[in-house]
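To start, the structure itself, in C-alpha cells.
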Amino acid sequence: MVDFSLSDEERQIRDTVRSFIQKEVMPLEPEVLRNERAGRPGLDLDAITELQLKAKKAGFWGINTPEEYGGMNAGAVMAAIIVMETGRTFVPFSFGGSADNILYAGTDEQKRRYLIPTIEGARRSCFAITEPGAGSDARNITSRAVKDGGDYVINGEKTFITGGNEADFVMVFAVVPDAGVTCFLADRDMGWKSEPIPTMGQWGPAALVFEDVRVPEENVLGEVGKGFELAMTWIRNGRFMIPARAIGSAERLLQMAIDYANIRQSMGHVIADYQAIQWQIADSQVEIEATKWLTLYAAWRAQQGLDARHASSIAKLNGAIMANQVVDRVLQIHGGMGYTKELPIERWYRELRLLRIFEGTDEIQRRTIARNLLKGHVKLGGIGE
Ligand SMILES: Cc1cc2nc3c(=O)[nH]c(=O)nc-3n(C[C@H](O)[C@H](O)[C@H](O)COP(=O)(O)OP(=O)(O)OC[C@H]3O[C@@H](n4cnc5c(N)ncnc54)[C@H](O)[C@@H]3O)c2cc1C
C-alpha cells in the first residue's frame with residue numbers, strides 16, 4: 001500500500017527543524033538583507049558556525065553523513081524534508097557536519113586529509129567542472145593535467161564555482177591525455193587562484209585559474225580517466241535537493257502573498273476577494289504540491305537504492321519552474337511593494353532564478369527526460385518500479 005504519512009520520529013525531526021529555523025534563523029533575515037545590500041556577505045563564517053553548533057546541540061549535524069563519521073544518516077527522504085524546512089528562509093544557513101558525497105570515494109589518506117576535516121568544518125571545499133567553453137557540455141572540458149614524475153601539472157580555467165572564493169581545496173576536473181577526465185584534490189596553496197564573479201544573486205561564485213599547478217598523484221580522487229562518472233554521481237545524487245529547497249521557499253512566499261491579500265484594500269475590498277488574486281494563489285499551491293510529491297518520490301527512489309536519475313530530473317525541472325512562477329505571482333500580488341527593497345521578495349526573485357540554470361539547465365533536464373523516453377530507458381505508466 002502507498003503510505004504518504006511520516007513516522008512519529010520523522011514528524012518530530014521535521015517539527016524540530018521547523019522550530020529551529022523559525023526561532024534561530026529567521027530572526028537574522030533583516031541583518032542578512034542589510035549586510036547584502038551593503039555589499040557584505042549576508043552572514044559571516046563565524047555567525048554560520050555559531051548557528052551550526054547550536055543546531056548540533058539540538059542533534060542536527062551531518063544529516064546525510066554516515067554514523068561512522070559522526071552523522072545522523074537520516075536518509076534521502078528525511079534529508080529532502082529537512083531541506084524543505086531550511087529553504088523557508090533566505091539566510092545562507094545549512095546544517096553542519098557534511099561533505100560532498102564524492103569525497104567518500106577517497107582513499108583512507110584522502111578521507112583523513114579532506115573528508116573528515118570538511119565534515120568537522122575545519123576545511124572548505126568547492127566542486128569545479130564548468131569552464132568558460134563547457135557548461136552543459138561538461139564532457140567537453142579542456143583543462144589538462146599532464147603527468148610529470150610523481151605529479152600532475154594542471155592548466156586551465158574554471159568558471160561559476162560555488163564557494164570557490166572561500167574554499168581551501170577544490171575537487172577539480174581535468175583531462176589527462178590518453179586517459180580522459182580525472183578528478184583531483186587540489187589545495188589552494190598548490191597555487192590555483194580565484195576571482196569573484198558578480199551575479200544578480202547573492203551566491204557569488206568564482207572563476208578559478210590553474211597555471212602549472214602541481215598536484216601529487218596521490219591526490220587523484222577515484223580512478224584516472226573516471227572523473228566524469230564521479231562528477232555525474234555527485235550531481236545526480238544531490239539533484240532532488242534543489243526542488244526540495246524550492247518547496248520551502250515557495251511555501252514561505254505564498255504565505256506572504258496570502259497574508260497580504262487578506263489585508264490589502266483596493267476598490268472597496270481586500271484583494272483576496274478578487275478571483276484574479278485567488279487563482280494565482282490556487283495555481284501556486286497546486287504547483288508547489290506537485291513539486292513536493294515529485295521530489296519525495298525521487299528521494300524515496302534514491303533511498304531504496306533504485307535508479308533515481310529520471311525522477312530527479314523531473315523533480316528538478318518542475319521545481320525550478322514552479323519556484324520562478326510562484327515568486328513572480330507573489331511579487332505581482334504585492335504590487336509596487338513587491339518590487340521594492342523594503343520587502344525581501346526581490347531578493348528571493350533573484351536567487352530563485354538560478355534554479356533554472358545550475359546543476360543542469362531546464363533545457364538539459366528536458367533533453368534528458370525526452371532522451372530516456374525516446375530511447376526506451378524509461379517506460380511510461382510505471383509506479384514505483
Ligand atoms: C551561480 C552559479 C553557481 C554555479 N556553481 C557551479 C559549481 O559549483 N561548480 C560547477 O562546476 N559549475 C557551477 N555552475 C555552472 C552551471 O552548472 C552552468 O552554468 C550550467 O551547467 C550551464 O552551463 P553554461 O552556463 O555554460 O550554459 P551553456 O551550456 O552555454 O548553455 C546556454 C544555453 O543553451 C542551452 N543549451 C545548451 N546545450 C543545449 C542542448 N544540447 N540542447 C538544448 N539547449 C542547450 C542551455 O540550456 C542554456 O539555455 C554554476 C553556475 C552559476 C550561475
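Count residues from 1 along the sequence. Counting starts at 1 for both ligands and their atoms, following the listed order.
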| Can you check salt bridge (charged side-chain N to carboxylate O under 4.0 Å, His left out) on K316 and E359, steps first, answer last? | CA-CA 9 Å; K316 200 272 180 179; E359 294 203 24; over 6 Å; no
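- Note: F95 and F93 have perpendicular aromatic rings, judged against thresholds of 30 and 60 degrees for the angle between ring planes.
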Ligand-protein N/O pairs under 3.5 Å (ligand 1):
residue	atom	partner	partner atom	Å
ligand 1	5 (N)	F160	O	2.8
ligand 1	5 (N)	T162	OG1	2.8
ligand 1	8 (O)	T162	N	3.0
ligand 1	8 (O)	T162	OG1	3.4
ligand 1	9 (N)	F127	O	2.8
ligand 1	11 (O)	I129	N	2.9
ligand 1	11 (O)	T130	N	3.0
ligand 1	11 (O)	T130	OG1	3.1
ligand 1	12 (N)	T130	OG1	2.7
ligand 1	14 (N)	F160	O	3.3
ligand 1	23 (O)	S136	N	3.3
ligand 1	29 (O)	S136	N	2.9
ligand 1	29 (O)	S136	OG	2.6
ligand 1	47 (O)	T361	OG1	2.6
ligand 1	47 (O)	E363	OE1	2.7
ligand 1	49 (O)	E363	OE1	3.3

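- Counting heavy atoms from C-beta outward, V213 and F184 have side chains that stay 4.5 Å or more apart.
- A ring-centre distance under 6.0 Å is not found for F20 and F60.
- In the hydrophobic clustering (ILVMFWY side chains linked at under 4.5 Å, chained through shared members), I263 stands by itself.
- Aromatic ring centres of Y104 and Y69 lie closer together than 6.0 Å.
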